[in-house]
Visitor: 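Here you go, one structure.
Everything numeric in this text was worked out from a predicted model, so none of it was measured. Remember, it's 1-based here, ligands and their atoms both numbered in the order they're listed.
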Amino acid sequence: MDTDRKIGRRTHLRQLSLGAGVVALYAAGCGAKGGDDLVCTDTSRLSGPELATRNQLEYKDKSPNPSQNCTNCRFYTVPQAAGTCGGCILIKGPIHPLGHCKSWVVKA
Ligand code: SF4
């Protein structure tokens, strides 16, 4: 009887763990699609010239034209972890997948 209870508890804990994993993957997936909660505006690590370039190219976290965003731009570099900011070959600092700047060029 005790053994049955221990196995039952272990199985229950395993199921809880799997459930938490599924929730974490779902949350990461939502971020990867550029959810509203993802913010890529921290420029505190940029040098003056890097920040000037970012400003000159008018980078925005949210593209004014949804069909032209960083995800489909040839200069975008995908993030290493799902749900985080990506990068850009032209602009330093965090880049939102649904962001935009004046140098947007369609990915070939
Ligand atoms: Fe986004 Fe502009 Fe970089 Fe293209 S060039 S990935 S639009 S920031």
Visitor: Do you know the tightest heavy-atom contact between Arg54 and Pro94?
Guide: NH2-O, 2.9 Å

Visitor: Please check if Tyr59 and Leu46 belong to a single hydrophobic cluster, counting links between Ile, Leu, Val, Met, Phe, Trp and Tyr side chain heavy atoms closer than 4.5 Å.
Guide: no

Visitor: Kindly write out the residues that satisfy side chain to side chain donor-acceptor pair (under 3.5 Å) with Asn55, not counting sequence neighbours, or none if the list is empty.
Guide: none

Visitor: Among residues at least two apart in sequence or on other chains, which ones pass side chain to side chain donor-acceptor pair (under 3.5 Å) with Gln56?
Guide: none

Visitor: Assess the side chains of Asn72 and Trp104: does a donor N or O sit below 3.5 Å from an acceptor N or O?
Guide: yes

Visitor: What salt bridge (charged side-chain N to carboxylate O under 4.0 Å, His left out) pairs are there with at least one residue in residues 96-108, not counting sequence neighbours?
Guide: Glu58-Lys102

Visitor: Provide the tally of protein N/O/S atoms nearer than 2.8 Å to atom 3 (Fe) of ligand 1.
Guide: 1

